[in-house]
Amino acid sequence: MSDSVASPAIVEKVIAQKVIEWHRHHGRHDLPWQRTPTPYRVWVSEIMLQQTQVTTVIPYFQRFMERFPDLVTLADAPVDDVLHLWSGLGYYARARNLHSAAVVIRDEHGGRFPEAIDAVEALPGIGRSTAGAILSLALGQSHPILDGNVKRVLARYHRVDGWPGRTAVARRLWELAEAHLPERDARAWTQGMMDLGATVCTRSRPDCEHCPLADGCGGHASGEPERWPGKKPKKARPLRKTRMLMPVAEGRVLLQRRPPAGIWGGLWAFPEVEDSPAAWSRTRFGLEPEATETWASLRHGFSHFELEIQPIRLDLPSRPETVADTNSEWFPLDHPPEVGLAAPVSKLLDQLRRRH
DNA sequence: AAATCGGGGGG
DNA sequence: CCCCCAGATTT
């Protein structure tokens with residue numbers, strides 16, 4: 001953070017003027033929701049645009065408007081119809097919120113989209129930024145917005161350090177969004193900032209040569225505009241530990257099919273055990289193990305956690321019947337079984353084969 | 001494979 | 001306050 005919000009208002013106005021002027025010449029003006037920008041149409045487009053880019057949204061938006069031309073039609077429709085037209089867009093909770101907000105507007109606002117920012121923000125699925133976008137784009141009211149594009153422009157221009165997901169950083173960006181907000185031309189300002197972030201001040205390789213704000217932009221001056229906004233700190237993944245038993249008998253190894261959902265769903269893996277290998281063997285087979293051998297542990301990374309696997313080889317004197325358990329099977333050790341195997345399981349099978 | 005997007009919900 | 005999530009696209 002190098003600038004101060006307290007800089008003279010006149011400076012902020014200059015920036016707004018530049019963006020508004022840029023928007024006249026380089027912004028988008030003919031998107032379907034821009035031609036008749038009612039609050040209802042702008043609302044639907046904004047929700048769709050939160051998750052999908054413009055070219056994909058257009059056909060969805062048009063089908064949506066044909067089926068639900070106005071707010072009350074949407075409110076009266078079964079939510080399943082709404083979800084049907086949403087299918088392919090993902091984030092179905094947003095479609096549900098859209099529908100339930102339409103019901104609220106029908107029942108509590110007489111079917112007219114509310115025009116007070118507080119009332120708009122109170123609707124399900126609409127937060128401060130979306131409320132500001134709807135009222136400025138549809139009605140020309142001056143409200144700040146702070147979507148991903150605007151965050152990027154402001155964070156770079158003012159070199160606002162830190163990840164915008166942090167409350168303090170978001171608060172600072174909102175302050176800046178308020179400070180830059182012009183009293184007039186709210187539509188051009190809002191649309192211009194979004195377009196600037198989407199087409200010029202892009203996440204990677206921003207086109208500063210064609211940016212109306214390059215002069216005065218702290219990020220551009222630094223030569224490394226991509227340093228802002230700060231990235232989400234990637235949290236160290238928690239370490240989970242498990243013990244895998246590798247039961248071996250008569251040249252075969254026992255694998256179990258994992259449940260269909262969850263980690264390694266439907267793949268084959270070694271049994272994971274809590275109690276001692278010998279106790280497991282006695283409970284499961286009524287057999288005393290011939291030998292157990294604890295191997296060096298190995299790690300496997302998942303998106304949400306890291307798994308430390310403690311492999312334990314368990315030799316049995318003979319191969320027990322695996323009665324009434326179609327989810328476990330003794331596979332010959334001399335070649336890899338032709339079933340889906342979790343990566344660390346294949347690795348362990350290779351080692352087992354080599355050391356057999 | 002990882003980062004991203006705005007709002008909602010829970011700790 | 002912070003963390004996590006939904007899901008598909010982009011890098």
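Order of the sequence lines fixes the chain letters, A, B, ..., with proteins taken first and strands second; residue numbering starts at 1 for each chain.
In this structure, A:Q50 places its CD atom 6 Å from P of B:dG7, rounding to the nearest Å. The interatomic distance linking A:R171 (CZ) with C:dC2 (C1') rounds to 14 Å, in whole Å. In this entry the distance linking CH2 of A:W174 with C1' of B:dG7 reads 12 Å, nearest Å. Summarising the geometry, the separation between OH on A:Y60 and C1' on C:dT9 is reported as 13 Å, rounded to the nearest angstrom. In this structure, CD of A:E121 is placed 9 Å from P of B:dG8, rounded to the nearest angstrom. A:R128 places its CZ atom 19 Å from the C1' atom of B:dC5, with the value rounded to the nearest Å. For the pair A:W86 CH2 and C:dA6 P, the interatomic distance rounds to 18 Å; values are reported in whole Å. Per the geometry, CG belonging to A:L173 stands 12 Å off P belonging to B:dG6, to the nearest Å.
One distance of note links CG of A:D30 with CZ of A:R35; it measures 6.5 Å at 0.5 Å rounding.
Residue A:E288 places its CD atom among more than 12 non-hydrogen atoms of other residues, nucleotides or ligands, all under 6.0 Å distant. Other residues, nucleotides and ligands place no more than 12 heavy atoms under 6.0 Å from the NZ atom of A:K347. Within 6.0 Å of CZ in A:R355 there are more than 12 heavy atoms belonging to other residues, nucleotides or ligands.
Two residues are said to be in side-chain contact when any heavy atoms from C-beta on lie closer than 4.5 Å; A:E293 and A:M246 fail this criterion.
Rounded to whole Å, the C1' atom of C:dT9 lies 22 Å from the corresponding atom of B:dG8. Distance check on atom P: B:dG11 versus C:dA6 gives 16 Å, rounded to whole Å.
Residues A:Q51 and A:R203 both approach DNA chain C. Their nearest nucleotides, taken by heavy-atom distance, put A:Q51 toward the 5′ side.
Here A:T56 does not reach the OP1 or OP2 of C:dT9: none of its side-chain N or O atoms lies under 4.0 Å away. The shortest distance between the side-chain N/O atoms of A:T167 and the OP1/OP2 oxygens of C:dC1 is below 4.0 Å. For B:dG7, neither phosphate oxygen OP1 nor OP2 lies less than 4.0 angstrom from any side-chain nitrogen or oxygen of A:S129.
Hydrophobic cluster membership is shared by A:L139 and A:V120, with clusters built from Ile, Leu, Val, Met, Phe, Trp and Tyr side chains linked at under 4.5 angstrom.
Base pairing in DNA chain B yields stems of at least 3 consecutive Watson-Crick or G-U pairs, both distances under 3.5 Å, namely B:1-5 with C:7-11, B:7-11 with C:1-5.
Side chain of A:R156 to main chain of A:W228: a donor-acceptor pair is present (N/O by atom type, distance under 3.5 Å, no hydrogens or angles). When atom types are taken as modelled, the side chain of A:R313 and the backbone of A:W295 share no donor-acceptor pair closer than 3.5 angstrom.
Note on residues 192-220 of chain A: no pairs pass ring-ring contact (aromatic ring centres under 6.0 Å, His included), not counting sequence neighbours.
In the model, A:N97 has no side-chain atom that pairs as donor or acceptor with a side-chain atom of A:R94 under 3.5 Å.
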List, one per line, each side-chain donor-acceptor pair under 3.5 Å for residues 80-88 of chain A, sequence neighbours excluded.
| unit_1 | atom_1 | unit_2 | atom_2 | d |
| --- | --- | --- | --- | --- |
| A:D81 | OD2 | A:R67 | NH2 | 2.6 |
| A:W86 | NE1 | A:G90 | O | 3.0 |
| A:S87 | OG | A:H84 | O | 2.7 |

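When the salt bridge (Lys or Arg N to Asp or Glu O under 4.0 Å) test is applied to A:R243, no partner is found at least two apart in sequence or on another chain.
Contact annotation for A:L123: backbone-only contact, meaning every heavy-atom pair under 4.0 Å involves sugar-phosphate atoms and none involves a base. Residue contacts for A:I47: at a heavy-atom cut-off of 4.0 Å it reaches no nucleic acid atom on any strand shown.
Taken residue by residue, residues 132-154 of chain A places heavy atoms nearer than 4.0 Å to DNA chain B at A:D147, A:G148, A:K151, A:R152. Contacts between residues 90-98 of chain A and DNA chain C, counted as heavy-atom distances below 4.0 Å, involve A:Y91, A:Y92.
Of the residues A:C201, A:C208, A:C211, the one that meets the side-chain contact (heavy atoms from CB on, under 4.5 Å) test with A:P225 is A:C208.
Comparing atom distances between the A:Q53 side chain and each of B:dT4, C:dC1, C:dT10 picks out C:dT10 as nearest. Here the side chain of A:S204 is nearest to one of B:dG7, C:dC1, C:dT11, namely C:dT11.
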